Amino acid sequence: MQVLQVQLEVGADPAEVGRARRWARSRLAGSGIGDDEPLAETLILLISELVTNAVVHTGCPAVLRMLFGGPGVRVEVADASDRAPARRQACGEDTGGRGLELVDGLADRWGWQREGAGKRIWCEIDRARKAESDAATSGAATSGAATSGASASGASADASCCTSEVHTPVREPRVYL
């Protein structure tokens, strides 16, 4: 199976996040994922969150990478900071602190790993599961179509040194009436 990988260097300026979104939209369209598909919107939101986190919290340039092929789409953002990603607790009117919660809720899997002096944060969306979920949401599928999500919650890929983590959110069964 062939995997297509595309990447974009992103500057350390928060204005670069918009450029990354526009670039990602054009690459998604080139891979056959239409702008109007819910999968595209979910991927753009994930990309926006990961690139924003890299640029804002590290102050360093980053590299956005998208991989197409296989059962899903993988998004990776690498930066030069060795600081592990940390979930924050947003309260009320806070304008930040929700990014990793969004990633955890929208992606089928996500995680991070050290890479050289920095790190790479990644997330994946399974195209088949997303299509089932979208069909069920629109009423075109039966009530059990969107229940095949992951069953394990955040597991450490390397518990001895905590330099890598993988998170798989628990998907609650959905009931459609």
Side-chain angles (χ1 to χ4, degrees), residues 4-31 33-68 72-127 129-130 133-134 150 153-157 162-171:
L4 172 64
Q5 174 180 306
V6 293
Q7 71 180 37
L8 172 71
E9 292 184 23
V10 180
D13 180 357
E16 288 280 280
V17 177
R19 185 173 74 88
R21 279 193 300 265
R22 289 187 299 278
W23 176 85
R25 279 190 193 283
S26 71
R27 297 315 177 269
L28 289 171
S31 74
I33 300 172
D35 223 13
D36 59 342
E37 292 183 47
L39 175 60
E41 290 304 316
T42 301
L43 286 164
I44 294 300
L45 180 56
L46 290 167
I47 287 165
S48 186
E49 289 301 327
L50 294 179
V51 171
T52 298
N53 284 350
V55 170
V56 170
H57 295 296
T58 70
C60 301
V63 175
L64 165 62
R65 195 171 289 122
M66 296 187 333
L67 295 96
F68 303 94
V73 178
R74 181 177 175 110
V75 173
E76 301 176 347
V77 176
D79 62 53
S81 170
D82 66 350
R83 256 186 31 209
R87 288 188 186 193
R88 297 184 314 161
Q89 186 67 29
C91 297
E93 301 297 316
D94 290 352
T95 59
R98 294 175 179 85
L100 288 179
E101 291 299 321
L102 279 170
V103 171
D104 191 50
L106 294 173
D108 291 307
R109 288 165 300 286
W110 73 276
W112 70 278
Q113 64 221 32
R114 296 212 188 275
E115 184 174 275
K119 67 182 170 302
R120 175 185 312 266
I121 301 175
W122 57 269
C123 64
E124 297 174 342
I125 294 184
D126 297 331
R127 288 175 120 165
R129 192 200 58 77
K130 181 67 175 157
S133 176
D134 294 343
S153 62
S156 175
C162 296
T163 59
S164 173
E165 291 185 16
V166 175
H167 301 269
T168 306
V170 175
R171 302 278 185 214

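These numbers come from the heavy atoms of this one structure, side chains and all, not from hydrogens, waters or symmetry mates. Keep in mind it's a predicted model, so treat the numbers as computed, not measured.
- One finds the CZ atom of Arg114 at 5.5 Å from the CG atom of Asp82 (value rounded to the nearest 0.5 Å).
- Nearest approach of Phe68 to Arg27, heavy atoms of both residues: CZ-O, 4.1 Å.
- Residues passing the side-chain hydrogen bond (donor to acceptor under 3.5 Å, both in side chains) test with Gln5: none are found, sequence neighbours excluded.
- In terms of heavy-atom proximity, Val77 sits nearest to Leu64 at CG2-CD1, 4.0 Å.
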Distance-only donor-acceptor pairs under 3.5 Å for side chains of residues 44-55, two or more places apart:
| residue | atom | partner | partner atom | Å |
| --- | --- | --- | --- | --- |
| Ser48 | OG | Arg21 | NH1 | 2.8 |
| Thr52 | OG1 | Ser48 | O | 2.6 |

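- To the nearest 0.5 angstrom, Asp35 atom CG is 6.5 Å from Glu41 atom CD.
- For the atom pair Leu100 CG and Cys123 SG, the distance stands at 10.5 Å (nearest 0.5 Å).
- Listed by first and then second residue, the salt bridge (charged side-chain N to carboxylate O under 4.0 Å, His left out) pairs that reach into residues 9-18 are Glu16-Arg19, sequence neighbours excluded.
- Side-chain atoms of Arg109 and Asp126, non-hydrogen and from C-beta on, do get closer than 4.5 Å to each other.
- Glu76 approaches Trp122 most closely through the heavy-atom pair CG-CB, 3.8 Å.
- Going from atom CG of Asp108 over to atom CZ of Arg74 covers 12.5 Å, rounded to the nearest 0.5 Å.
- The CD atom of Gln7 sits 9.5 Å away from the CG atom of Leu67 when rounded to the nearest 0.5 Å.
- In this structure a side-chain-to-backbone donor-acceptor pair under 3.5 Å is missing from Lys119 to Asp79.
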